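Chain A is the first sequence line, chain B the second, and so forth, proteins listed ahead of strands; every chain is numbered from 1. It should be emphasised that the depicted structure is a prediction, and the values quoted were computed from it without experimental measurement.
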Amino acid sequence: MTTLVAELSAIAGSAFAAEGLSAGFGQVQPSDRPDLAQFQCNGALAAAKQTRADPRRIAQKIADRLKADPVFARIEIAGPGFINLDVTDAALAVRMGAMAKDATLGAPRSGAGKTAVVDFGGPNVAKPMHVGHLRSAIIGDCLQRLFRANAWTVVSDVHLGDWGLQMGQLIGEIGRRSTAPVYFEAGFEGPYPEESPVTMDDLEEIYPVAAAACKADPGRLEEARRATAELQAGRPGYVALWRHFVEVSESGLRREYASLGIGFDLWNGEASVDPLVGPMIEDLKRRGLAEESDGALVVRVAEPGDKKDMPPLILLKSDGAVLYGTTDLATIVDRVKTCDPDLILYVVDQRQHGHFEQVFRAARKARLNGKAELEHAGFGTMNGADGKPFKTRAGGVMKLYDLIAMTTEEAKKRLAEAGLAKEYPEDERNDIARKVGIAALKFADLSNYRLTDYVFDLARFTRFEGKTGPYLQYAAVRIQSILRKAQAQDMAPAARSILQTPEERALILQLLALPDAMAAAEGKRAPNILCDYAFTLAQIFSRFYSEHHILSEKDAALRAARLGLAGLTLAALTKVLDLLGIEIPQRM
RNA sequence: GCACCGGUAGCUCAGUUGGAUAGAGCACCAGACUACGAAUCUGGGGGCCGCGGGUUCGAAUCCUGCCCGGUGCGCCA
């Protein structure tokens, strides 16, 4: 199923072709001036520029050809050469009927036969998740949902940070405290205890202490580096201790992501590719791609046309330890081997851009990436209301857990104020508050363009009027309520619409644009396009809703048609909210 | 110093191959609940699109030079 604008573009394209012009000029888009027309084609202007002809003349020729097609109700040339187009109500009704029958609502098939690995999350072992992890989680999850909906085979990977210096820092600190001496005994033959010597709470306390000590004292840093290198070299006690860190952290992380409704196909970490690192390095050395530089082993990635310095990717530090660039490279090898993706998408902070550029260049230079395109979809940093990196009122880092608790609490307060869920059981009220709070959080994040830094403003996020997640939930809940009442009165919706008013036409046009929004959002890896779509849809429906009463409509056919329209709106809204990772309560 | 990302209404942000009168939300002002849920809807005011130059019939968008903010640039992740 192609979309309406694609269909119109094809028609206009062949009109241009028939005039000996490129079919590309036929691109049709929703009108910038809805008061003048439903759609517009600007191709005559572009064509005129290229051929140095009169744009209105070209527009006239195209318009004359388009008149042959019955899909158009009105064709008009305006201004310097815009072609304004209206589609017949019958054509709209037919396409709406087709959309209603399609379970995917006409979703694009842009990923059919293709596989994408989406790498996001990237939490570190032994560190609690904080607000800084929110964007990767929310944006990455939205993209994995979107790509799946667009027929991609998606493999998402949380890519835990579990193999770097922070591991050595933890080991060093625990060694100093002598709370688990068995892991440090040189001659110990095992087995090591099953039970972890540290809890997640312990790790959360130990890590900052260790990190601060390493920062303050070069001796401690050296110690941590040595421990990291020994861990990576396979020292049994360290490996055993490390396993505990990972297990303890991972169960906590799974819970946190689950509370946001986010899941991953793979819970791999940097360490999981460790066995591949040695052979990969040997291979790169043998092919002359890896060379020694200042005691480290590097891959040079600078290219002749570079406008900036491009430092080499360091594979091995002078002490023999690997860096995250090394594991990232080995992870590409692993992914190519296990799922042979067409695309590997990294949803990671934009500040990592330089790093990924290095890794990608190294991978391409060594042809490690198979057929996969490597792409970094970065995002801006999240700041506090003062424009500086976000902190709690006390000046500390805000944990994700606390943040979710706060928004949920705020949502509960709002429900109480509005007197909305008064008679609902407490369980349901809590569930609604959770869904509303998370919707507010996710929508506020996703509606910003990915690359702009955004201000984390709890007061603004928990406001539920206007362009917010809860507004969309509310719109959906109202429709659900109407449909429930209709069903109770045995009123059936009709698939075929009866178009009578501007509000209905506007609604149908927006519904038919869903696949275009999904395709555009995928192309730009831009969830904010979906947010805009959903908000506009809800707004248009609300207008329709306030203008036309549905259930009390006397004309049964008209009533059924409007129910059908409401039903399709709900389906589209539910779909987009699902892509955004937002749940809709039964009632609220 | 070099590079990357931003600069659009009082605030937070959109703006699709360059196109018609630059759009939302919040805030402000004025309206709409004895009909389907008012967390809603309708209307209004509010803009040298950071600044200058250039390309074009036409620029928030492309090129160029500045200014401001953020970030990154060899052994952290």
Taking RNA chain B as the partner, which of residues 462-490 of chain A come within under 4.0 angstrom of it by heavy atom? A:R463, A:F464, A:E465, A:G466, A:K467, A:Y471, A:Y474, A:V477, A:R478, A:S481, A:I482, A:K485
In residues 212-221 of chain A, what residues come within less than 4.0 Å of RNA chain B, judged by heavy atoms? none
Look at the side chain of A:E270 and the base of B:rA77, then say whether one donor and one acceptor between them are separated by less than 3.5 Å. no
Base of B:rA20 paired with side chain of A:N42 (donor-acceptor, under 3.5 Å): no
Which residues pass the side-chain contact (heavy atoms from CB on, under 4.5 Å) test with A:E410, sequence neighbours left out? A:K413, A:T462
Base, sugar-phosphate, or nothing: which does [X] touch, judged by heavy atoms less than 4.0 Å apart?
| X | value |
| --- | --- |
| A:L415 | base |
| A:M310 | nothing |
| A:A520 | nothing |
| A:L36 | base |
| A:L323 | sugar-phosphate |
| A:Q539 | sugar-phosphate |
| A:G79 | nothing |
| A:S318 | base |

[M] and [N], which share atom name [atom1], separated by this distance in whole Å:
| N | M | atom1 | result |
| --- | --- | --- | --- |
| B:rU64 | B:rG6 | P | 15 Å |
| B:rA3 | B:rG19 | C1' | 33 Å |
| B:rG23 | B:rC67 | C1' | 27 Å |
| B:rG47 | B:rA9 | C1' | 5 Å |
| B:rC13 | B:rG70 | P | 15 Å |
| B:rG46 | B:rA22 | C1' | 14 Å |
| B:rG72 | B:rC63 | C1' | 26 Å |

Classify the angle between the aromatic ring planes of A:F16 and A:F25 as parallel (below 30°), tilted (30 to 60°) or perpendicular (above 60°). tilted
Taking it one step at a time, do A:I432 and A:V436 satisfy side chain to side chain contact (heavy atoms under 4.5 Å, CB included)? CA-CA 6 Å; A:I432 293 168; A:V436 168; 4.0 Å; yes
Short N/O separations, protein against nucleotides 58-62 of chain B, under 3.5 angstrom:
{"residue": "B:rG58", "atom": "O6", "partner": "A:K49", "partner atom": "NZ", "Å": "2.9"}

At a cut-off of 3.5 Å, list every protein nitrogen or oxygen paired with a nitrogen or oxygen from nucleotides 3-9 of chain B, distance to 0.1 Å.
{"residue": "B:rA3", "atom": "O2'", "partner": "A:K308", "partner atom": "NZ", "Å": "3.3"}

Are [X] and [Y] close enough that a side-chain donor and a side-chain acceptor fall under 3.5 Å?
| X | Y | value |
| --- | --- | --- |
| A:E522 | A:S110 | yes |
| A:Y424 | A:Q586 | no |
| A:R559 | A:S552 | no |
| A:H548 | A:E503 | yes |

Under 4.0 Å between a side-chain N or O of A:Q169 and OP1 or OP2 of B:rA77? no
Tell me whether the side-chain N/O atoms of A:R351 come closer than 4.0 Å to OP1 or OP2 in B:rG70. no
Ring-on-base stacking between A:Y545 and B:rU40, under 5.5 Å between centres and under 30° between planes: is it there? no
Under a cut-off of 3.5 Å for both distances of each Watson-Crick or G-U pair, what dot-bracket string does RNA chain B give, using [ ] for crossing pairs and | for inter-strand pairs? (((((((..((((.....[...)))).(((((.......))))).....(((((..]....))))))))))))....
Using the side chain to side chain contact (heavy atoms under 4.5 Å, CB included) definition, which of the options A:V277, A:L323, A:L289, A:V299 pairs with A:L315? A:V299
Identified side chain to side chain contact (heavy atoms under 4.5 Å, CB included) partner of A:F39 from the options A:N84, A:L509, A:D86: A:L509
Is the backbone N or O of A:W163 less than 3.5 Å from a side-chain atom of A:Q232, with the two atoms forming a donor-acceptor pair by type? yes
Here's a test of your reading of the structure: between A:N528 and A:H549, which maps to the more 5' nucleotide of RNA chain B? A:N528
With RNA chain B as reference, determine whether A:F535 or A:S447 sits nearer its 5' end, using the nearest nucleotide of each. A:S447
Salt-bridge criterion met for A:D445 and A:K442 (N-O under 4.0 Å): no
From CA spacing to verdict: side chain to side chain contact (heavy atoms under 4.5 Å, CB included), A:T51, A:I58: CA-CA 10 Å; A:T51 59; A:I58 296 180; 4.1 Å; yes
What is the distance, rounded to the nearest whole Å, between atom CD1 of A:I432 and atom C1' of B:rA39? 13 Å
